[in-house]
Amino acid sequence: MTMIDDNGVVHVAMLPSAGMGHLTPFLRLATFFLSHNIKVTLITPRPTLSLSESQLLSRFHSSFPQVDQINFKVESSLFTQSPNSHMPIPYFQMIDHIRTSAAKALSPLLSSLSPPLSFFVSDYFMLSSVLPITQSLSLPNYLLFTASASFFALYSYFSTLPSSLSELEAVEIQGIPPIPISSIPPDLVAPNSIFKKVFIEDSSQVIKVDGIFINTFEALEPEVLEAVNAGKVLTAMPPVLPFGPFVPCEFEKEGDQWIKPLKWLDDQPRGSVVFANFGTHTEFGWDQIREIADGLVKSGSRFLLVVKDGKYFNGDDKNEEVGLEEVLGHELVDKVRDKGLVMKEWVYQSGILSHEAIGGFLSHCGWNSIVEAAWNGVPIFGWPQRGDQKMNAEVVKMSGWGTWNKNWGWIGERLVTGEEIGDAIKVLMNNESFKIRASKIKEAARKGRSVGGDCEVTLHKLFKK
Ligand code: UDP
Ligand code: UDP
């Protein structure tokens, strides 16, 4: 089968699921395709889960007017008539609605596209609803796995595991280090979560896709990539294509608000600032936010802290104005202002990580954050909160450019004290070997992404097929 039509056009349709953690990598991969003269059609479920997603999509489409944009409506009685309204709806319930809606909407939509599609890129949260459709159209289907290769190993192996994981001590998969149950996403250990249902339904379908793009690269996860591609995880594994790091794009900057922290960083000494940011849906209670601020002050480092206190799922990513003083108290606020900058809104994280004043990253270990830190050579102290984040933190630890503390638990399990956070940041900011390893990782990341680097080689191989 050739992927190129008679007029030499390669045309891909891409369908991301909900959440910034899915949308961002899809748009970055789309940008890579566009820069290699591939025609892109982007299909997006509406309404989006958050305002950030719909704004990011608008900026993407303004930057790339040549991309065909197709929306399909997510069917749920939980949404009002307005297709743009952002209703509070639990994350995995939204995922479930998207799966059902996609299965209904996609078939007529895909066959009507012109020029005809060369291949399709599915989200791993939608595989079993999309695969029968692409199969019936004989359309090559590639999976974009938006998490790590380590998490992919677990995902692809999942349907072979016993139905209850809670009795196991660790999940053992050939070729990769055992994964302690305490590091497996709690939703996969719980008996009846939607996340687990999605995993079980989709995991067994992985062998039917034509290939899997992962936002990772050889130097970041060498052992796991070797294991998956050598058939150790599944004997019939399709080619797993480490296609990262996905690089941040111009259109991701929003308005002018990204400028403020960068201006502040311009005045700080090189490598002196610890950046603390916890992704798009970590909602700490005020008591935990106070401990974080206290820990940052105790660390003695300068810091840039981003706090989000729980309004994300109202579709309004800018938190309601609760003053910093009200959360932290006068005394702590004064200390914080002395050494740090606190932002209560969306920041342009990849821009911040690329600033030379940043010396370390206290991160929730969302996979995109990890790859962005790798791209910029910034050491990480991981504070995983949920989902795959403990496994991601372990990837960083294994490759030697950061660490994490297993005793901090999942979000809300216990209050992590300012003392502990302060000590962690001291470890992070003073460890020379983290810095050396991080710059090696950065070098490898840049090499893979360069002209003629691993990503281009992979793309060319794909089209030769
Ligand atoms: N992000 C950002 N500004 C913020 C919070 C997050 O730019 O204030 C971006 C971040 O750079 C990353 C994505 O949002 O690209 C979050 O993805 P990740 O996988 O790290 O975490 P998630 O939010 O999905 O848990
Ligand atoms: N997640 C969760 N509860 C939520 C929202 C997200 O547990 O309310 C976790 C979940 O583990 C899932 C992941 O976040 O795997 C998906 O979030 P996202 O789409 O932003 O991507 P990721 O965090 O994997 O980068």
Side-chain angles (χ1 to χ4, degrees), residues 16-29 31 48-53 55-57 59-60 91-92 94-95 123-125 144-148 150-152 185 187 195 214-216 244-255 257-262 275-284 304-313 316-319 341-355 358 361-376 378 380 382-393 395-396 402 410-411:
S17 181
M20 282 301 264
H22 291 246
L23 185 60
T24 304
F26 264 83
L27 298 185
R28 289 177 181 174
L29 182 61
T31 307
T48 57
L49 188 68
S50 65
L51 191 59
S52 299
E53 287 159 71
Q55 289 170 341
L56 183 67
L57 279 164
R59 295 198 299 277
F60 174 79
Y91 183 77
F92 288 117
M94 178 77 172
I95 299 294
D123 191 301
Y124 79 102
F125 274 180
L144 170 51
F145 194 79
T146 51
S148 63
S150 308
F151 199 54
F152 174 73
D187 278 319
F195 190 36
I214 304 193
N215 180 16
T216 191
F246 290 179
V247 292
C249 305
E250 260 318 287
F251 65 82
E252 292 173 30
K253 294 176 182 164
E254 187 184 345
Q257 72 190 51
W258 57 276
I259 296 171
K260 181 181 167 187
L262 294 183
F275 174 46
N277 193 8
F278 306 96
T280 49
H281 38 239
T282 301
E283 297 163 9
F284 287 126
L304 170 52
L305 166 64
V306 184
V307 283
K308 299 193 172 64
D309 59 7
K311 295 290 186 288
Y312 181 70
F313 287 105
D316 176 4
D317 305 341
K318 290 199 183 68
N319 296 313
L341 176 67
V342 181
M343 303 286 296
K344 286 191 79 225
E345 63 229 54
W346 183 260
V347 296
Y348 177 47
Q349 175 171 293
S350 17
I352 290 171
L353 286 169
S354 71
H355 198 288
I358 298 293
F361 185 15
L362 178 64
S363 169
H364 77 309
C365 298
W367 187 246
N368 296 294
S369 296
I370 303 254
V371 177
E372 287 160 17
W375 175 248
N376 291 298
V378 179
I380 287 181
W383 186 1
Q385 305 290 334
R386 53 160 55 99
D388 55 352
Q389 295 161 9
K390 285 189 184 177
M391 290 178 64
N392 300 342
V395 169
V396 174
W410 296 110
I411 189 164

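Atoms within a ligand are numbered from 1 in the order they appear, just like the ligands themselves.
Under a 3.5 Å cut-off, the side chain of Asp123 and the backbone N or O of Phe125 do form a donor-acceptor pair. Put simply, the side chain of Gln389 never gets that close to the backbone of Gly366: no donor and acceptor are under 3.5 Å apart. With hydrogens and angles disregarded, no donor-acceptor distance shorter than 3.5 Å links the side chain of Gln349 to the backbone of Val347. Distance alone, capped at 3.5 Å, is enough to place a donor-acceptor pair between the Arg386 side chain and the His281 backbone.
Taking the six-membered ring where tryptophan is involved, the planes of Tyr348 and Trp258 are perpendicular, since the angle between them exceeds 60° and thus also 30°.
Between Ser350 and ligand 1, no N or O atom pair is found at a separation short of 3.5 Å. Geometrically, ligand 1 and Val306 share no nitrogen or oxygen pair separated by less than 3.5 Å. Taking any N or O of Glu345, backbone or side chain, none lies under 3.5 Å from an N or O belonging to ligand 1. Between Tyr348 and ligand 1, a contact under 3.5 Å exists for no N or O pair.
Below 4.0 Å from some heavy atom of Trp367 lie the following atoms of ligand 1, by number and element: 19 (O). Shown in contact with Gly21 at under 4.0 Å from a heavy atom are these atoms of ligand 1, numbered in order with element: 24 (O). Less than 4.0 angstrom separates some heavy atom of Gly279 from each of these atoms of ligand 1: 23 (O). Shown in contact with Asn277 at under 4.0 Å from a heavy atom are these atoms of ligand 1, numbered in order with element: 4 (C), 5 (C), 8 (O). Near Gly366, meaning under 4.0 Å from any of its heavy atoms, are these atoms of ligand 1: 18 (P), 19 (O), 20 (O), 21 (O). Close approach to His281 involves these atoms of ligand 1, each under 4.0 Å from a residue heavy atom: 25 (O).
Ligand 1 lies nowhere less than 4.0 angstrom from a heavy atom belonging to Glu252. Residue contacts with ligand 1 include Glu372, since one of its heavy atoms falls under 4.0 Å from the ligand.
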Going through the distances and angles, do Leu23 and Phe60 end up as a side chain to side chain contact (heavy atoms under 4.5 Å, CB included)? CA-CA 11 Å; Leu23 185 60; Phe60 174 79; over 6 Å; no
Lys260/Glu345 under salt bridge (Lys or Arg N to Asp or Glu O under 4.0 Å): CA gap, chis, key distance, verdict: CA-CA 11 Å; Lys260 181 181 167 187; Glu345 63 229 54; over 6 Å; no
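Across Ala18 and Tyr91, no two heavy atoms sit closer than the pair O-OH, 3.1 Å.
At a 4.0 Å heavy-atom cut-off, ligand 1 does not touch Met20 at all.
Side-chain contact between Leu144 and Thr146: present, with at least one pair of heavy atoms (C-beta onward) separated by less than 4.5 Å.
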